[in-house]
Amino acid sequence: MDGKTTTGVGNVIYCEDFTHAIVSFNTSGSANCSVKFAGSIASAAPNFSAAQSPSNSFDYVQLKDLEDASSVDGDTGLTLAGTDDQRLFEVNVNALTYFTANITAISAGAVTIKVKLYTNK
């Protein structure tokens, strides 16, 4: 997701071969937005834009802030109110098959999210 200014799901990332993800979350333009991160263990990517159900199985996942180790509840996500933020998070994607970000609300600014997948060796 690069400078996204509308609601919606970003790229759906296949992450089954990895255990962790580092998420770079950056906003600009006095962002007023809410963003949640979601994962799934389904064999085919669910529709992260549609409602959760047994046939569209996914859930929102917790983030760990790399700056102070605080947690961001998956169901709450990140909310900015007319401010910009530049943050790094770790996400445990161990056993997930798919991972994505979803801008659930935005009325100002732009959101850029980059993800790096890795496994400890």
Side-chain angles (χ1 to χ4, degrees):
M1 186 176 294
D2 192 12
K4 189 167 173 66
T5 59
T6 59
T7 59
V9 173
N11 294 338
V12 176
I13 300 168
Y14 179 79
C15 60
E16 188 170 46
D17 297 331
F18 300 93
T19 56
H20 301 284
I22 297 296
V23 173
S24 172
F25 175 83
N26 303 279
T27 63
S28 61
S30 298
N32 191 351
C33 63
S34 294
V35 180
K36 294 181 180 182
F37 295 83
S40 175
I41 62 170
S43 57
N47 180 350
F48 288 103
S49 297
Q52 298 162 287
S53 70
S55 61
N56 192 48
S57 180
F58 69 91
D59 200 9
Y60 296 106
V61 297
Q62 179 188 59
L63 306 172
K64 289 294 269 185
D65 193 320
L66 291 181
E67 184 256 329
D68 62 6
S70 63
S71 297
V72 176
D73 183 271
D75 287 334
T76 304
L78 299 166
T79 300
L80 299 176
T83 60
D84 289 321
D85 209 351
Q86 320 302 315
R87 296 171 75 179
L88 290 172
F89 298 98
E90 182 177 23
V91 179
N92 178 354
V93 295
N94 194 22
L96 291 179
T97 310
Y98 297 99
F99 176 73
T100 194
N102 185 359
I103 298 176
T104 58
I106 189 166
S107 61
V111 177
T112 297
I113 296 171
K114 299 187 184 307
V115 177
K116 180 178 181 178
L117 300 170
Y118 73 97
T119 298
N120 291 338
K121 295 180 182 182

Set of salt bridge (charged side-chain N to carboxylate O under 4.0 Å, His left out) partners for D85, sequence neighbours left out: R87
query: Can you tell me if N47 uses its side chain to pair, donor with acceptor, with the backbone of S49 under 3.5 Å?
result: yes
message: Please find the pair of heavy atoms, one from A110 and one from T5, that lie closest to each other, and give the distance.
response: CB-CG2, 3.7 Å
message: Has S40 got a side-chain atom pairing as donor or acceptor with S57's backbone, closer than 3.5 angstrom?
response: yes
task: Using modelled atom types only, decide if a donor and an acceptor are shared between the side chain of D84 and the backbone of S30 within a distance under 3.5 Å.
output: yes
I'd like a table of donor-acceptor pairs (distance under 3.5 Å, sequence neighbours excluded) in which one partner is a side-chain atom from residues 74-81, with atom names and distances.
| from | atom 1 | to | atom 2 | distance (Å) |
| --- | --- | --- | --- | --- |
| T79 | OG1 | S34 | OG | 3.3 |

query: Looking only at heavy atoms, which two atoms of L63 and V91 are closest? And how far apart?
result: CD2-CG2, 3.3 Å
- prompt: Under a single-linkage definition using a 4.5 Å side-chain heavy-atom cutoff for Ile, Leu, Val, Met, Phe, Trp and Tyr, are V115 and V72 assigned to the same hydrophobic cluster?
  reply: yes
message: Tell me whether F18 shares a hydrophobic cluster with F99, the cluster being built from Ile, Leu, Val, Met, Phe, Trp, Tyr side chains joined at under 4.5 Å.
response: yes
message: Please tell me whether I13 and V9 are part of a single hydrophobic cluster in this structure, the criterion being side-chain heavy atoms less than 4.5 Å apart.
response: no
Side chain T19, main chain N94, donor-acceptor under 3.5 Å: no
- prompt: So do Q62 and F89 actually touch side chain to side chain, heavy atoms under 4.5 Å?
  reply: no
- prompt: At their closest point, which heavy atom of P46 faces which heavy atom of Y98, and how far apart are they?
  reply: CD-CD1, 4.3 Å
field: Minimal non-hydrogen separation, N11 against T100, with atom names
entry: O-OG1, 3.0 Å
- request: Determine whether T97 and Y14 make a side-chain contact, defined as any pair of heavy atoms from C-beta on separated by less than 4.5 Å.
  value: yes
query: If two hydrophobic side chains count as joined below 4.5 Å and joins carry through other members, does I113 share a cluster with V12?
result: no
- request: Might you point out which heavy atoms bring I41 and A95 nearest each other, and give the distance in Å?
  value: CG2-O, 3.4 Å
query: So how far is it from F48 CZ to N56 CG, rounded to the nearest 0.5 Å?
result: 8.0 Å
message: Nearest 0.5 Å, please: how far is OG1 in T7 from CD1 in I103?
response: 8.0 Å
message: In this structure, is the centre-to-centre distance between the rings of F37 and Y60 below 6.0 Å?
response: no
query: When you check the side-chain N and O atoms of N26 and S24, is any donor under 3.5 Å from an acceptor?
result: yes
message: Tell me the closest heavy-atom pair linking V111 and M1, and the distance in Å.
response: O-CG, 3.9 Å
query: Are side-chain N/O atoms of D68 and S70 paired as donor and acceptor at under 3.5 Å?
result: yes
query: Within the distance-only criterion (no hydrogens, no angle test), does the side chain of Q86 pair as donor or acceptor with the backbone N or O of T27 below 3.5 angstrom?
result: yes
